[in-house]
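All ligand and atom numbering here is 1-based and tracks the order in the structure.
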Amino acid sequence: MLPDLYRSTLRYASLLASILLSIASNAQQGLIANVAARKTVSLNGDWQYIVDPYETGFYNYRWQERSENDREAYWNTDVPENKTERKEHGYTDEYILQVPQDWNSQDPKFLYYEGTVWYKKSFNATLPSNNESVYIHFGAVNYEAHVYLNGQKLGMHTGGFTPFNFEIPRGLLREENNFLVVKVDNRRHKDAVPTLNTDWWNYGGITRDVNLITVPATYIQDYFVSLDRASIHEKQKTINGWVVLHGAIRSDVTIEIPELKVKTKAVYKTDTAYFSIKIKNLQLWTLQYPKLYQVIVSSANDRVIDKVGFRTIAVKGKQILLNNVPVFLRGICIHEEIPQEMRRANGRKDALQLLGQAKELNANMVRLAHYPHNEAMMKVADSLGILVWSEIPVYWTIDFANAEVLNKAKQQLQEMIQRDRNRASIVIWSVGNETPVNESRTNFMRELVFRARALDNTRLVSAALEVHNVNSTQTIDDPLGQYTDIVSVNEYLGWYGGLPNNCRNAKWAVKYDKPLFFSETGAEALGGFHADSLTRWSEEYQEWYYREQIEMMKRMPDNYVGISPWILNDFRSPKRNNPLYQEGWNNKGLFDQKGNKKKAFYVLKRYYDEVEKGRKSQ
Ligand code: GCU
């Protein structure tokens, strides 16, 4: 009797701890959940800009930060007060950038630009009533943003791939001609996340949507709705969750799922209202039938509607269980980029293109590398029934000994989880990629694993671990593997080490008795370049590579649960400078820069078709 009681008490305690921690951080963060369901005014479109590589708009000639009312600061009006005032900055329609979109793809002068660009938008606004507040919300700005409205600083944010919002102080918003300025700086720094060195293009700018959000004085700031793991074994399922209000009034909160004829009142404990609903005829979110339910969260003055899939993901011994059924991950890695237009991907149309390509491959999972992608990817994956690995850019050799860097990584982890915790498609939170094994790194990454679990203990936590060669055995004993739920590694046997036939006698030793996932493997091929299979950069070499890799996968230990090869599309990288076969591209895509399938595409697809057929026959 005791063990069950003990176990469930432990679970409840860890659940409560995780919720309390995430609530505390939510309240502190103030990120508004589910922007699409709010009363918004879009600020997307034409923004005027000033390129400012010398930071003249921010520092005076003695390199001192300009005071808020400094008339030469680029956040202050560019209109001279009279005919004698000297103004050395100004915004005009001669210099326009589209928002949302990276600047690199909008003008050849920005292709490699790393530095500051000042964005400016003038707009008229409907003023909020006395019992409303207005926020400005950014889907993402790479990398550092300072936001000013009508000459007053609203705040700053670092991190190029996660959302943030600032409340607009009452009285600051005008009905006419509001002067909104955003300083965007995409320079790389040793103590940033990611750090100086990455194998992707440093697309700068306001890369995702900008919205004004009007909310009641007390509004629904955040919420979580999920299927209780333990109830997957029961006939009656349990949907648990919580709601956080922002504001003075603690009003009643109800959760409604009309299709299930369910409506329940949440119960407050401290500042959070919790609920737990027993459901008889719940249709699970599955890969074949990705069922989404309308969920309505209501308080006295606010109402937020979402579409949520209910499923569970867990590890049991050497298997990953989706809804308590073993699942094999037929994955593919994806960068957030449209190669044909050499730009950051963003929005539903791009998501349908990228995930449509993954579906052509017969993939059932995508690893969104190496940073949180835009929200549309998760919403489309929810509706298509594709599993998602979502990752923060703790990539390669981060400044692990620096406590400030850990805080930056935790902030991005929290913003990623806060934004997407209600997306059924996300099953894995990843805290990093290929970080070098040493004590400060493992302590740093362990902290992130624990923080991810504290913020959301309904999903798996992973990271791409290190593998090394011990007496010609590929050995996985990365100390971080003791903390993650699955053991994931990137390996390039036959591209970065030897030739593809090295796979034939490769032996693998895994220290951990956990599911084993290959989070990357791949080889480059210049699309359309054909030669014999020993000729590097040819499609035939890449095809051979995949054949050998797949034969090796078939010989993996029984904890092998899937693979997400590197990568769906060729992508831009300033690190790839072979003048014949790269020219600033990493060509490991299974689709080339124009979107054509390479020969290796068909090798992987055939493998996935076999795996799917084989598992169906089980
Ligand atoms: C690494 C890394 C990728 C990189 C790839 C490559 O595993 O995770 O970001 O692009 O290898 O070398 O192509």
_Sidechain N-carboxylate O distance under 4.0 Å for D350, R343_ = yes
*Is any side-chain N of the basic residue among E375 and R208 closer than 4.0 Å to the acidic one's carboxylate O?*
no
Heavy atom under 4.0 Å from ligand 1: found in [X]'s side chain, backbone, both, or neither?
| X | result |
| --- | --- |
| I567 | neither |
| T198 | neither |
| W200 | neither |
| W495 | neither |

Closest non-hydrogen protein atom to [atom], residue and atom name please, with distance?
| atom | value |
| --- | --- |
| atom 2 (C) of ligand 1 | E520 OE1, 3.4 Å |
| atom 4 (C) of ligand 1 | D199 OD2, 3.3 Å |
| atom 13 (O) of ligand 1 | K588 NZ, 2.6 Å |
| atom 5 (C) of ligand 1 | Y492 OH, 3.4 Å |

Side chains of [X] and [Y], heavy atoms from C-beta outward: is any pair under 4.5 Å?
| X | Y | result |
| --- | --- | --- |
| N197 | T397 | no |
| I426 | M378 | yes |
| V603 | Y545 | no |
| N469 | Q474 | yes |

*Assess R576 for proximity to ligand 1: is some non-hydrogen atom of it under 4.0 Å away?*
yes
*asked:* Yes or no: does Y496 have any heavy atom under 4.0 Å from an atom of ligand 1?
replied: yes
Below 4.0 angstrom from a heavy atom of [X], which ligand 1 atoms are there? Numbered from 1 as shown, please.
| X | answer |
| --- | --- |
| N490 | 7 (O), 8 (O) |
| N433 | 2 (C), 8 (O) |
| F571 | 10 (O) |

*Are the side chain of Y483 and the backbone N or O of T442 linked by a donor-acceptor pair below 3.5 Å?*
no
*In sequence, state the C-alpha distance, the side-chain angles, and the governing distance for Y119 and Y49, and then conclude on ring pair (Phe, Tyr, Trp, His ring centres under 6.0 Å).*
CA-CA 4 Å; Y119 285 76; Y49 73 87; 7.3 Å; no
_Polar contacts were defined as any N/O atom of the residue lying under 3.5 Å from an N/O atom of the ligand; does this apply to W396 and ligand 1?_
no
_For the 3.5 Å polar cut-off, considering only N or O atoms, please tell me whether H370 and ligand 1 meet it._
yes
*Can W508 and H468 be said to form a ring pair (Phe, Tyr, Trp, His ring centres under 6.0 Å), step by step?*
CA-CA 10 Å; W508 288 83; H468 59 127; over 10 Å; no
*In Å, rounded to the nearest 0.5 Å, how long is the span from CG of N578 to CZ of R536?*
11.0 Å
